[in-house]
Structures are given as C-alpha cells and as structure tokens.
Amino acid sequence: MSRAAPKRSRVMPVAALIILLIFVGLYFWLFVLDDMQNGSVTPAVDQSTSATAAAEIFFTMTEANIRDKPSTAESVILGKLPRGSQVTGVVQPGSPPGDGWIALSDGNGFIAMVNLSPSKPPELVTLLNDQSWVVDMPVDVWATTASDSALIDRARADTTLKLVGLTADDFIEVKLPDNRYGYLADGKSILARLGGKPIAIGFNPQTCAFSGEIGAEFTKIGARLRAQWQALEAKEYANEAAREKAYAKVEGKSSYARLRRSFDGLSLTALGQHYESQSLYFADPPAKVITVFRDNGFNIGPDGIFRATELYAGISSTRGEGTAYGQTELSCGV
C-alpha cells in the first residue's frame, strides 16, 4: 500500500491538464470560431488593409487609357477618357506620387497615375506639347490657378520642367520631374524667355551690323580670329609650302560661338562668323523666325529675304555644318 500512493499523485496532474484542454477547445469552437466566420472578429492585418484601400477622386490631365491590368505590357486597352474626366479608384499599394496605378471603383479597369491629378485641370488656350524648359531662375509651382492655391514646389534654377500648355488666365501647366502637375504664374513672360535670358537683337540688314550683346560677341570672335592669324604669321616654317599648308587649314573656315538666349519667344542658340558673312542661329523653324522679325518691323519677303538691301540678308533653314547649331539661320553678307 505504501507504494501505490506515489503512482496516483503522478496520474492526477496529467488528467487535469487533459480536462483543461478540452474546455479551452470547446470554448474556441462555440464562441471564437463562430465569430470569426461571421466577420465579427477581424484579424489586425485585414483592418490595416481596409484602411489603406480607401477610394480617392482624381482627374485626367491627358487622354488616359483604361486597361484591364495595372501594366502597359500585356494589357488590353478597354477605353479612353478625355482630359478633365473625373475618376474614382483605389491607389495600388506602394505607388509613389504621380506613379503607379489606380483600380477604378466600378471594377472596370486600371488607369496609370502618371495621367492623373487631384485637381481638375483648366482649359488650355495654347498647347506647348511637353516642351522642355530649363528654369532660368527660381519659380513657384502652384497646385491650381486659383488665387488661394497651395504652393506645392519651388523649382530651382537649372530644373527641367515639361510645359503642357498656357491657360486663359496666364498660367503655364507644367509636369514636374516626379510626374506631378502644377502651374506657373506669368505664363506669357515665361514663354518669352524659353530660350534663356532675354536678349535684344539690334540688326541693320543694309550693313550687316549687329549691336548690343550680339555685336559684342561678334567683336570677340573677330579678335579671336585675328589672334589666330597673327600666330600663324609669326610662326617659323620650314619652307613656303609648309606655310601655305598651315594657312589653308584655317583660311575660309567658319567660327562659331554658342549663345543661349531668348528673343520674343525665339531660342537663339549660336553665332557664326564666316569668310564674308555673319549668321545667327535659332532652334525654331524658319517660318516662326520670319514672323517674329516681321513683327519687329523688318521688311521680309515670302522667301525670307530682307528687302531693299544692297548686301544679302535672309532667313532660311540651316545647311551643312550650321545644322549643328539650330534649325534656322539669319545670315547677312556678300
């Protein structure tokens, strides 16, 4: 009898543990499991997911494609929305501002965030076709064109912005480097200096003389060419043939100087000093350059030639090595 008591003392704790587990399992089956199946108990992960899945309202800034998948690759375009259309959807997790996709709330597809903005865009009276502009001085970027608009950015000098278009109230709609949209005040003033710092062009087609900064630049080119010739003349040569060969390398060659300036909406890109003529180069097409010079009082024929001049003066498409400096050349000389 003295040995049986220890055996019972070991069995009792095990039996109690089994009974406790049975009660815990029965409670879970009757209460907790039933609540989870009915949705009254929601895991913490589901709560955080639903919190980030709130639908938002956006507006299309361009004609936007609706796709069947959140990808431009291996997806089908289901339809298109014109600029200014309102859409409601859920931003896909991990999408930075202006990037990623939204899933439309009606379940009818996906739109790339690069085409959307939280603000409805204004009507554009002049399209600028995403022309790149290197900011020449710090400029404020506003969320809308309204007087109480929020300031969303300050673009520093040398920042590259894409210009979308000019609004009726003189703002320029721009696309920022992070794909957000914004607005710059004094739009016409900005358009007038797209090519860089504004410059005045004083030009006499009768004499081919340029004044002001351009005249000073041609003077520098002339001084540089004279110094080059003086160095050639002062050099000792083995014989006359060697001298002629050295002269031939520079004789009749054109000399260029790049100059980034703007003139009434034109982009002046370079100057050229030739053997018997001088040229200005523009990034703009000839028709536009002709129109601007006519608006400045110059008498120019339909062929781009300055009328009533004894020397040649004309505006035309660039040729030869001049094409490296612009689309259009204003040339004057013999």
Side-chain angles (χ1 to χ4, degrees), residues 123-134 136 162-168 170 172 187-219 221-222 252-334:
E123 180 182 356
L124 300 178
V125 296
T126 302
L127 297 179
L128 300 173
N129 303 314
D130 285 353
Q131 177 180 350
S132 292
W133 176 50
V134 179
D136 53 4
K162 290 184 178 180
L163 309 184
V164 181
L166 181 70
T167 69
D170 198 28
I172 292 182
K188 292 179 181 177
S189 171
I190 291 173
L191 292 181
R193 64 178 200 266
L194 286 185
K197 179 182 176 182
I199 192 173
I201 297 181
F203 172 54
N204 185 348
Q206 296 287 349
T207 62
C208 293
F210 291 92
S211 60
E213 183 181 356
I214 292 178
E217 289 296 326
F218 275 121
T219 299
I221 295 175
K253 299 292 184 181
S254 297
S255 181
Y256 300 91
R258 294 193 181 274
L259 187 68
R260 186 172 174 270
R261 296 287 189 273
S262 63
F263 172 66
D264 285 3
L266 299 178
S267 296
L268 176 66
T269 52
L271 313 178
Q273 177 66 60
H274 315 296
Y275 180 58
E276 293 182 321
S277 65
Q278 296 174 321
S279 296
L280 304 185
Y281 294 91
F282 299 89
D284 313 273
K288 183 177 180 181
V289 177
I290 290 172
T291 297
V292 170
F293 274 84
R294 277 182 184 154
D295 291 343
N296 277 269
F298 290 93
N299 186 6
I300 304 175
D303 55 358
I305 304 299
F306 289 76
R307 292 170 171 166
T309 59
E310 295 181 4
L311 300 174
Y312 168 81
I315 297 172
S316 62
S317 298
T318 51
R319 301 177 302 277
E321 62 184 7
T323 57
Y325 298 94
Q327 286 191 60
T328 300
E329 175 182 7
L330 187 163
S331 180
C332 191
V334 298

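Remark: the backbone N or O of His274 is not paired with any side-chain donor or acceptor of Ser277 at under 3.5 angstrom. Without hydrogens or angle criteria, Asp303 side chain to Ile305 main chain gives a donor-acceptor distance under 3.5 Å. When atom types are taken as modelled, the side chain of Arg294 and the backbone of Ile300 share a donor-acceptor pair closer than 3.5 angstrom. At distances below 3.5 Å, at least one donor-acceptor pair connects side-chain atoms of Gln206 with backbone N or O atoms of Ala308. At distances below 3.5 Å, not a single donor-acceptor pair connects side-chain atoms of Asp284 with backbone N or O atoms of Thr328. The backbone N or O of Arg319 sits nowhere less than 3.5 Å from a side-chain atom of Thr323 that would complete a donor-acceptor pair.
Counting heavy atoms from C-beta on, the side chains of Val134 and Arg260 come closer than 4.5 Å. The side-chain heavy atoms of Val164 and Asp130, taken from C-beta on, include a pair separated by under 4.5 Å. Annotation: side chain of Lys188 is in contact with side chain of Leu166 (closest heavy-atom distance under 4.5 Å). Side-chain contact between Phe282 and Glu329 is absent, with no heavy-atom pair separated by less than 4.5 Å. In this structure, Leu330 and Val289 have side chains that are not in contact, with every pair of non-hydrogen atoms separated by 4.5 Å or more. Between Ser331 and Tyr312 the shortest side-chain heavy-atom distance falls below 4.5 Å. Using a 4.5 Å heavy-atom cutoff, the side chains of Ile214 and Leu268 are in contact. The shortest side-chain heavy-atom distance between Leu128 and Ile172 falls under the 4.5 Å cut-off.
Atom CG of Leu266 sits about 9.0 Å away from atom OG1 of Thr291, to the nearest 0.5 Å. Atoms CZ and CG, on Arg261 and Asp136 in that order, are 11.0 Å from each other to the nearest 0.5 Å. Rounding to the nearest 0.5 angstrom, the gap separating the CZ atom in Phe210 from the CZ atom in Phe203 is 4.5 Å. Distance check: Thr167 OG1 to Glu123 CD gives 9.5 Å after rounding to the nearest 0.5 Å. Thr126 contributes atom OG1, which lies 7.5 Å from atom CG of Leu191 (distance to the nearest 0.5 angstrom). Atom OH in Tyr281 sits 13.5 Å away from atom CG in Leu259 (nearest 0.5 Å).
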Given Asp264 and Asp295, is the side-chain contact (heavy atoms from CB on, under 4.5 Å) satisfied, shown in steps? CA-CA 10 Å; Asp264 285 3; Asp295 291 343; over 6 Å; no
Go through it in stages, so that I can follow the logic: the residues are Glu321 and Tyr256, the test is side chain to side chain donor-acceptor pair (under 3.5 Å), and I'd like the CA-CA distance, side-chain angles, deciding distance and then a yes or no. CA-CA 10 Å; Glu321 62 184 7; Tyr256 300 91; 2.9 Å; yes
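Each disulfide bond (SG atoms under 2.5 Å apart) pair with one or both residues in residues 262-313, not counting sequence neighbours, would appear here, but there are none. Applying the disulfide bond (SG atoms under 2.5 Å apart) test to residues at least two apart or on different chains, the pairs with a partner in residues 256-334 are Cys208-Cys332.
Residue Ser316 comes nearest to Pro286 through the heavy atom pair C-CG, 4.1 Å, listed as atom of the first residue, atom of the second, then distance. Closest heavy-atom contact between Ser255 and Ile221: OG-CG2, 3.8 Å. Residues Pro302 and Arg307 come closest through the heavy atom pair CD-NH2, 3.4 Å. When every heavy atom of Gly333 is checked against every heavy atom of Leu311, the shortest pair comes out as O-CB, 3.7 Å.
Each of Ile290, Val292, Leu280 was checked for a side chain to side chain contact (heavy atoms under 4.5 Å, CB included) with Ile315, and the lone residue meeting it is Ile290.
Applying the ring pair (Phe, Tyr, Trp, His ring centres under 6.0 Å) test to Phe298 and every residue at least two apart in sequence or in another chain returns Phe293, Phe306.
The 12-atom threshold is exceeded at CD of Glu276, counting heavy atoms of other residues, nucleotides or ligands nearer than 6.0 Å.
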